[in-house]
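Report on the structure given below.
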There are 2 protein chains.
Amino acid sequence: MTVDPVPIARYAALLAHPTRTAICLALIDGRAWTSGELARHVGVAPSTASEHLTSLVSAGVLSEVRQGRHRYVRLAPEAGQLIENLASTAGVVMSAPTSLRSGRVATDLLFARTCYDHIAGRLGVALLDALVAHGLLLLSVGASLTSDGEVWLKSVAPGTDLSVGRRPVVRPCLDWTERRPHLGGLAGSLLRTAFVDRGWVLQRPRERGLTVSSAGEHGLAELLDIDVQSLRAGAVSTL
Amino acid sequence: MTVDPVPIARYAALLAHPTRTAICLALIDGRAWTSGELARHVGVAPSTASEHLTSLVSAGVLSEVRQGRHRYVRLAPEAGQLIENLASTAGVVMSAPTSLRSGRVATDLLFARTCYDHIAGRLGVALLDALVAHGLLLLSVGASLTSDGEVWLKSVAPGTDLSVGRRPVVRPCLDWTERRPHLGGLAGSLLRTAFVDRGWVLQRPRERGLTVSSAGEHGLAELLDIDVQSLRAGAVSTL
DNA sequence: ACGACGATTCGGTGCTCACCGAACTATGGC
DNA sequence: GCCATAGTTCGGTGAGCACCGAATCGTCGT
């Protein structure tokens, strides 16, 4: 007995069930998905998806990060490679756009999407960077608005009372496609609402993806020097 | 739904069971094994092994050739690659000698082994080539001994009656490690017996592998100009 | 023709596991 | 404090399948 077949078989078994395979295929775009999203995507009960994720994570096929009540999972790079290898050996044509970090839906989401009630993706990261660049936000341990920032926010989102509630005004929320924080907390929520109200940011029901109108492009450029065009083209903010 | 997970899962499932994995690992040495050998090797009933082989073959993981009452299977090259990939991803160290066409046992068998009751492997192929080179054997459609060959055979294996029985005197038997015919049939059997009797070829019970003594090296060189040393080193006859 | 042997087919058995729903925990925002 | 939402745990159910032994088939060599 030269090589023990058991661990190999055990690993293969993880990819040997349509549901888990579908989960991995969804994750091959390189993004982090939540447990619930995956459950809906592959059409099983949340409990079932959760069980699958647990086994995939404990075997190292997926890596997980828990944030609040969400469980984000990502495909481990080696596992992604193996799956593409497996698919091609199995004679399945994986269309190019399905590969890592591409595909229409995927790129849309990479550009801008909702995270809880605020904006994530490259746009969300750019937003936070712009606030810092303009001296409106201070990023050290945690984050906080400067006094300029408070004034600015009230002008952008009129009728805001920052003293109410226990929700932190700003919260750096780790962005799982950019691996950098974007703007969360109350300020993030207010900004999203303000942008949607102005018709700058468009949000379709039951979808995570956000789009920016041409009015939004102008507005964001004027307000915070954000170049939406280049963000959309894939540029990341360089702060 | 961009990619159908089902065929991928189905393929992975083939490698997802310890028994089938063990079969594939055995086959990774690049040689063709019979169904029964694999059954014994992995420790299951012949019927079980047969079933596994059927599914592996029909999925293209293995290729099969039936010869007489034997079913030879080989690992498809892409499948071998995938398995090595899978093993390394699963964190299993596949020691170098386990890889394609190497390892001690494997190379021994590549050099010389029994096939039915005659000699296969590089030595078997060299034997057939030498007979042809010396004008003792005619290889066209099928094969037949020349009259010189008959005389020679009787001198090497005294007491031989070639007219008895329905067994073909010579039969080119496809060698599944060399992909070229070696000497089968009655002549092959007689030569093996003669060589074993003379102590040229050594055969341990319950093993397929054959070894050649130093007496055998001299004898084969003198009798048929066969260079056992270089065969053992991996050279193949070039006829 | 016959016996030996390798391989296959077929029933039956038992284990594993994917799945769901229901109950529960934890988090977020009011 | 409250409710809503995301996720998890757990028991039970059902399907799939790896396995074996017995019977059968085909080939080989006498």
Side-chain angles (χ1 to χ4, degrees), chain A residues 5 9-10 13-14 16-23 33-40 42-58 64-73 114-118 161 164-169 171 173 184-186 188-190 193, chain B residues 5 9-10 13-14 16-23 33-40 42-58 64-73 115-118 161 163-169 171 173 184-190 192-193:
Chain A
R10 209 195 301 278
L14 291 170
H17 195 275
T19 302
R20 279 190 300 266
T21 311
I23 288 175
W33 293 52
T34 66
S35 182
E37 283 171 343
L38 287 169
R40 258 171 278 126
V42 306
V44 294
S47 56
T48 305
S50 176
E51 289 168 339
H52 285 309
L53 292 189
T54 301
S55 59
L56 288 169
V57 166
S58 72
E64 88 176 4
V65 174
R66 295 181 188 243
Q67 189 170 102
R69 50 186 170 186
H70 294 294
R71 175 197 217 178
Y72 287 99
V73 290
T114 31
C115 169
Y116 290 96
D117 55 356
H118 53 266
D161 184 355
V164 182
R166 286 201 317 282
R167 184 176 189 183
V169 178
R171 207 169 68 114
C173 184
L186 181 54
S189 174
L190 288 171
T193 312
Chain B
R10 210 195 301 279
L14 292 170
H17 196 276
T19 302
R20 279 190 300 266
T21 310
I23 288 176
W33 293 51
T34 66
S35 182
E37 283 171 342
L38 287 169
R40 257 171 278 125
V42 304
V44 294
S47 55
T48 304
S50 176
E51 289 169 337
H52 285 310
L53 293 189
T54 301
S55 58
L56 288 168
V57 166
S58 72
E64 86 175 5
V65 174
R66 292 176 189 250
Q67 188 170 105
R69 51 187 169 187
H70 295 293
R71 174 197 218 177
Y72 287 99
V73 290
C115 168
Y116 289 95
D117 55 356
H118 53 265
D161 184 356
S163 62
V164 181
R166 284 204 316 283
R167 184 176 188 183
V169 176
R171 206 169 69 113
C173 185
L186 181 54
S189 174
L190 289 172
R192 186 192 117 272
T193 313

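This structure is a prediction, so every number in the text was calculated from the model and none was measured. Every chain is numbered from 1 and lettered A, B, ... according to where its sequence line falls, protein lines coming before strand lines.
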What nucleotide, of D/dC19, D/dC20, D/dA18, holds the atom closest to the side chain of B/Thr19? D/dC19
Among D/dA18, C/dA4, D/dG7, which is the nearest nucleotide to the side chain of B/His52? D/dA18
Upstream residue (5' side of DNA chain C) when A/His17 and B/Ser50 are each assigned their closest nucleotide: B/Ser50
For A/Ser35, which contact category applies under a 4.0 Å heavy-atom criterion: base, sugar-phosphate, or nothing? sugar-phosphate
Regarding B/Thr54, tell me which of base, sugar-phosphate or nothing describes its non-hydrogen contacts under 4.0 Å with the strands shown. nothing
So A/Ser35 and A/His70, do their side chains get closer than 4.5 Å, heavy atoms only? no
For [X] and [N], give me the distance from atom [atom1] to atom [atom2], rounded to whole Å.
X: A/Ile23; N: D/dG7; atom1: CD1; atom2: C1'; value: 14 Å
X: B/Leu53; N: D/dA18; atom1: CG; atom2: P; value: 13 Å
X: B/Gln67; N: D/dG26; atom1: CD; atom2: C1'; value: 15 Å
X: A/Leu56; N: D/dT8; atom1: CG; atom2: C1'; value: 16 Å
X: A/Leu38; N: D/dG7; atom1: CG; atom2: P; value: 9 Å
X: A/Arg40; N: D/dA6; atom1: CZ; atom2: P; value: 7 Å
X: A/Leu14; N: C/dT16; atom1: CG; atom2: P; value: 17 Å
X: B/His70; N: D/dG29; atom1: NE2; atom2: C1'; value: 12 Å

Locate the shortest heavy-atom distance separating [X] from [Y]; write the atom from each residue and the value.
X: B/Ala39; Y: B/Pro46; answer: CB-CA, 3.9 Å
X: A/Pro18; Y: B/Pro5; answer: O-CB, 3.7 Å
X: B/Arg20; Y: B/Leu14; answer: NE-O, 2.8 Å

Any side-chain N or O of [X] under 4.0 Å from OP1/OP2 of [N]?
X: A/Thr48; N: C/dA18; answer: no
X: A/Arg66; N: D/dT8; answer: yes
X: B/Ser47; N: C/dC10; answer: no
X: A/Arg71; N: D/dT8; answer: yes
X: A/Arg20; N: C/dA18; answer: yes

With a 3.5 Å cut-off and just heavy-atom distances, do the side chain of B/Glu51 and the base of D/dC17 make a donor-acceptor pair? no
Reference residue B/Arg71; test side chain to side chain contact (heavy atoms under 4.5 Å, CB included); the match among B/Thr34, B/Val65, B/Leu53: B/Leu53
